[in-house]
Amino acid sequence: MAARNATRNASRNTSKRATRNNSDAYVRMYRQMVRIRAFEDNANQLYLSAKMPGLTHMYSGQEAVAVGICEALEDSDNITSTHRGHGHCVAKGAEFKQMFCELLGKEEGYCRGKGGSMHIADQSHGNLGANAIVGGSMGIATGAALTAKRLNTGNVAVCFFGDGATAQGLWYEVMNMAALWKLPVIYACENNGYSEYTKTEEIAAGSITARAEAFGIEAFEVDGQDVLAVNDLTTKLVARARKGEGPFFMNLSTYRYHGHHVGDINRDYYRSKDEEAEWKDKRDPITNFGKWLEDEKIMTAEELVALNDEVRADAEAAVQYALEAKYPDGSEVTMHVFHEPA
Amino acid sequence: MAARNATRNASRNTSKRATRNNSDAYVRMYRQMVRIRAFEDNANQLYLSAKMPGLTHMYSGQEAVAVGICEALEDSDNITSTHRGHGHCVAKGAEFKQMFCELLGKEEGYCRGKGGSMHIADQSHGNLGANAIVGGSMGIATGAALTAKRLNTGNVAVCFFGDGATAQGLWYEVMNMAALWKLPVIYACENNGYSEYTKTEEIAAGSITARAEAFGIEAFEVDGQDVLAVNDLTTKLVARARKGEGPFFMNLSTYRYHGHHVGDINRDYYRSKDEEAEWKDKRDPITNFGKWLEDEKIMTAEELVALNDEVRADAEAAVQYALEAKYPDGSEVTMHVFHEPA
Amino acid sequence: MREITLSKAVNEAIAEEMRRDDTVFLMGEDVAEAGTPFKVLSGLVEEFGTERVIDTPISEPGFVGMAVGAAMTGSRPIVDLMFGDFLFLVMDQLCNQAAKTSYMSGGKLNVPMVLRTNLGATRRSAAQHSQSLHALVAHIPGLKVALPSSAFEAKGLMKTAIRDENPVVIFEDKLMYNDKAPVPEEEFLLPFGQANIVRQGRDVTLVATSSMVQVCQKAAELLEKDGISAEIVDPRTIVPLDEDTILDSVRKTSRAVVVDEGHQSFGVTAEIASRIGEKAFYHLDAPVQRMGAMDVPVPFSPALEDLTVPTPEAVAERAGMICRGELVHAA
Amino acid sequence: MREITLSKAVNEAIAEEMRRDDTVFLMGEDVAEAGTPFKVLSGLVEEFGTERVIDTPISEPGFVGMAVGAAMTGSRPIVDLMFGDFLFLVMDQLCNQAAKTSYMSGGKLNVPMVLRTNLGATRRSAAQHSQSLHALVAHIPGLKVALPSSAFEAKGLMKTAIRDENPVVIFEDKLMYNDKAPVPEEEFLLPFGQANIVRQGRDVTLVATSSMVQVCQKAAELLEKDGISAEIVDPRTIVPLDEDTILDSVRKTSRAVVVDEGHQSFGVTAEIASRIGEKAFYHLDAPVQRMGAMDVPVPFSPALEDLTVPTPEAVAERAGMICRGELVHAA
Ligand SMILES: Cc1ncc(C[n+]2csc(CCOP(=O)(O)OP(=O)(O)O)c2C)c(N)n1
Ligand SMILES: Cc1ncc(C[n+]2csc(CCOP(=O)(O)OP(=O)(O)O)c2C)c(N)n1
Ligand SMILES: [Mg+2]
Ligand SMILES: [Mg+2]
């Protein structure tokens, strides 16, 4: 079985021509991508100005992946996320306020400040959480799909992970079981070319796509900077997974604009400024999709600017709110170690 | 890359016609297979007559795999073995006496009685040990190959494991590194169709061979009941591995005659008597190779019988010796927790 | 009361809970037709089908991870880990994921799963199939740890474990599967964090877990002959730990020996002994004694293996010594 | 004496040993050009090349397993495990394989490898990047465990670890990488199993490991002001453990507080406190106090995280209480 190349540049495909019906969906996708970018720009600032504690990893550049996929899902569908998880969280429906509160360790955060950037979760929208163990959520996503199948909920689970995470043996174990039991899970590899400070080609032998295929899993390679291509493919796969035709694998080529984490500033020794510029200037998922929306007359240039401004204002207000919000009371430190029935 | 099918029935191939030069090697292979069978028959008896403690797993039926491979190796080459490890140990050059002593927990055993059947090791012949963790030695074999490459010893490492062990994520992790670094390691999957009481096809999705290939590893499928086919292929791969062309993968089809472990007597619920009979009657590696030796006039029928008798007598003498040998002194219980320089 | 084996007790507990709650399911290697190598689960697949009694590949990290995800989304998985020694393979999914999910999510998510596995040496199974690793999981906040010491506890604790909202690791003694004990026909559950006073005594408290309860019962009989009255306390769960019952007993007897089959150093005996040493300090007439397994990998040879775990004779001897004040000079 | 950072000390130790012995090599994630995220290994790849300073994929079980095999065949690998929390991923290869090889083979094989990793909270790295898991490995026979408490120890213990014939796990405190301490220019090694008396005192012994040595030094200064003289003992390695030095100190001071950054329950404080309680029983004037990290996953929020680890003030307070006899009623 050869990997299917989901049409590159699907956005320029006539079948994608805007109609009254889906233009709302397009605007929403655009907005969600802008929301992620705005969230990250603020998070980065918070960190650089020493207002945010800990470690964090920016999602900027990869927005089309999270949004293209999550817009094909229902709230009740599950996702699992990664150390680079803000984008998935926003895309799956989370609110800025609770997210910034979480990043700052405040009581109103999604996890009451206990999780922080690397563990942000949003159960209300099916996000089972970011994970600071690379590959650590592969079993969780597959298990969510097992619940879906066993209890017949009709839900699908999407497991986000990076190209570097394909080096974790866990993935092969769960792919095998997902394939054997036809579980409704989609493995979405956000292939941004790097694991920390190392090019993935130096640490991945053979073909990542072929690895999934060897387990009898249908695999797809798709341009992760093209939100419509991603959304299109995901929509089809989700429908098929709900019918019991899963699991599936998607290898999404994409790029992270910032360093591996916010402190990774001097990157010359592992990737060139030219390479970064190339991706940012020519392949930015937001800029390109914005242009398409204009070309297709779904939004005007002014509307695009207004939307951006509105989202940025939202984000800044949320930051302000979070900065002023209160920390959890010290007594919370021993709460939630064990879960008590409500 | 499609898996290469090493010529099935290579033993009937004219290129395998016996010559004065290699007839010694053929006789040796035959003898080694008979030695394994004799060892196992005695071990089985010891267990059934309650003279042998613990758990043990019989290698009978798979002799051509261990012998075909180990006869292509030097003493200094390493192997790692499994819970079903007696065959590998004999094939790599171990003596009956120390082996039976080990199985009975006696002081003269290869591991001074501390390892037993599931941990038998024979460092003097490069056998890094059996392993009671399924897949547990995959890293060890690959690491031995790393030493070989780094210290330029010219050695090769062979990692024996069962089809069931391919479900362990560890394998994928080490295959990736072996492929990236071109390590001289050969992964030898003894595909006997079962993991304990379950048919492997029920617990392995897709293709095991394709899984190795997806890492860019050259893979081969070979008849594991044909000692010459196995030996031929291994000889070639070992030579190539020594030149830095490794790693390689071999999927060897074979069969275990006994139950999963010695206590597994009623097997009807997971495999049929007919299936067992088919393998034992038509595909026995020893019977078939014996016939070939006769046909090729390398050994006469009488010589075959004599060899069998001699080996059986050796085995029984070793059993007797081991039964009478002494247990380690109680003071040894705290020895060897830590290794002290000699 | 009828007597059943520990094996049957576990089987009954699981079957009852599976009948009661559709979200409960079982997964592990050879749990279905084969009913596990120990035959503990025989018959369950016939009643509940392969959808709820799931044979897995030999992928311990994988299926434990899947259980975590299944538990987070409304299932109640029971995972069968064939040997306690394989815990080392699943520590990441168990300790970094399952144990921390409730806390990291501020209580928004939880992982109601049971990991059933075993402990116990002297079965000639050598270093990788004989370990008693319960201290390791007990060290990790977020996991509960149950150590049934008979068929009665095995049933009652298993049912409680399945209904718990948290990850519970339950260790059965693999040498005890065929041991019978009285177990009521009617349904019952045993609460976590409630120790059992197995035997009343005046002179010394033997705190014993799992396999060591039987050992201490025999030790108590030996001591009886020497006129020493031993009280035996079985914590039943070490997380949560019923410190009060242990301390009350020691305050009464003024002497304690803590006996557990895990390795002695950095193990369960250290935790319990140090709590007694701290919280019953002014009641102690003698230093608290610890008796764990030797700090050596479990050797295969019968001649060596039997030396590594506490025996009734050794426990009786040690308890006798502190009762007779013979260990004064050592401390 | 010159002062260097802990980071530099580790780097020097490894470089010296790599120069001395060709069989020593390093492997781990981003250890080469990047020199690890903590920059501890910077410069090594320039000197020793990518053949001896090997960047691996994110495959912790895989590369630890490979290190075991490499060590069994004549290499001396040093494995870099980026965060101590990832130990959970490698427990099988470390505890079922590396730790048991010498014993299982009756001494015929051995595994001279070093696993260097870290511990320590309060870096706002949350539950999966903040754990101090040294108690877990200390429980497994066959592993040695070193806990350097300054640049001096970091260098001397690392060199000893590399030359040891056994698997050694060495935990650096990730908050201490930039802390300087005097370290001789000349070569030196620190023996395992030899505790260091960091500070002499009369009234109470503070047994402190790793990060907690600094905490106890500050606590000792606070106590000094109250006229209490604290002795600080740093075991340096917990396997082997220098029990004698600890016991001698406690027999002298009659009081002890054991302070360690691992979770308190079933952790290092339990082992050391229970040994003191058993072997210095008749010298104790007060119950031995244990101060470990709280039994909770490490929370992200700064408002919570700082509450979970022992502070100088808390240690001083507790030590003060036992010196003043204020904990009598609790026990
Ligand atoms: C098990 C584990 N190993 C190592 C790390 C350290 N680490 C964090 S992110 C990362 C790189 C991950 O690369 P990839 O999966 O491609 O994700 P990306 O950062 O590119 O989004 C590493 C090595 C970790 N968090 N967990
Ligand atoms: C990690 C681990 N899981 C489970 C087991 C129990 N077990 C022992 S052998 C075996 C089946 C192995 O099957 P395979 O690898 O095909 O080898 P075979 O027995 O067929 O030779 C299992 C599940 C084990 N020893 N180790
Ligand atoms: Mg990446
Ligand atoms: Mg098999």
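Letters A, B, ... mirror the listed sequences (proteins, then strands); counts begin at 1.
Atom CD of residue D:E51 and atom CG of residue B:L151 lie 10.5 Å apart, to the nearest 0.5 angstrom. A distance of 9.0 Å separates CD of B:Q123 from CG of D:N110, quoted to the nearest 0.5 Å. The CD atom of B:E173 sits 10.0 Å away from the OG1 atom of D:T56 when rounded to the nearest 0.5 Å.
The shortest heavy-atom contact between D:G107 and B:H339 is O-CE1, 3.2 Å. Closest heavy-atom contact between B:W181 and D:D55: CZ2-O, 3.4 Å. The heavy-atom pair separating B:F338 from D:S102 by the smallest distance is C-OG, 4.1 Å. The two residues B:G143 and D:T73 make their nearest non-hydrogen contact at O-OG1, 4.3 Å.
Chain D forms the most heavy-atom pairs under 4.5 Å with one residue out of B:I133, B:N78, B:L180, and that residue is B:I133. Among the candidates D:A71, D:P112, D:P61, D:A67, the residue making the largest number of heavy-atom pairs closer than 4.5 Å to chain B is D:P61. Counting heavy-atom pairs under 4.5 Å between each of D:M72, D:K100, D:E60 and chain B puts D:M72 at the top. Per-residue heavy-atom pair counts under 4.5 Å with chain D were compared for B:L128, B:N176, B:I120, B:D122, and the maximum is reached by B:L128. When each of B:R150, B:M118, B:H119, B:R112 is checked for heavy-atom pairs under 4.5 Å with chain D, B:R150 comes out on top. Residue with the most contacts toward chain B among D:M27, D:Q93, D:Q97, D:K108: D:Q97 (heavy-atom pairs, distance under 4.5 Å). Each of B:M335, B:K114, B:E102 has some count of heavy-atom pairs under 4.5 Å with chain D, and the biggest count is that of B:K114.
Note on residues 133-146 of chain D: pairs passing side chain to side chain donor-acceptor pair (under 3.5 Å), not counting sequence neighbours, are D:H134-D:D260, D:K144-D:D164.
Residue B:W171 does not touch chain D at all, counting heavy-atom pairs closer than 4.5 Å. D:V239 touches chain B through its side chain: at least one heavy atom from C-beta onward sits under 4.5 Å away, while N, CA, C and O do not. Contact annotation for D:I58: neither backbone nor side-chain heavy atoms come within less than 4.5 Å of a heavy atom of chain B. Interface remark: D:T101 contributes no atoms to any contact with chain B (heavy atom separation under 4.5 Å). Heavy atoms of B:A121 lying under 4.5 Å from chain D belong exclusively to its side chain.
Within 6.0 Å of the CD atom in B:E74, the count of heavy atoms belonging to other residues, nucleotides or ligands does not exceed 12. A 6.0 Å sphere centred on NZ of D:K39 holds more than 12 heavy atoms belonging to other residues, nucleotides or ligands.
At a threshold of 4.5 Å between non-hydrogen side-chain atoms, the residues B:L146 and D:P77 do not count as touching. Within the 4.5 Å cutoff, the side chain of D:M66 has heavy atoms near those of the B:L183 side chain.
Put simply, the side chain of D:Y103 gets close to the backbone of B:V333: a donor and an acceptor are under 3.5 Å apart.
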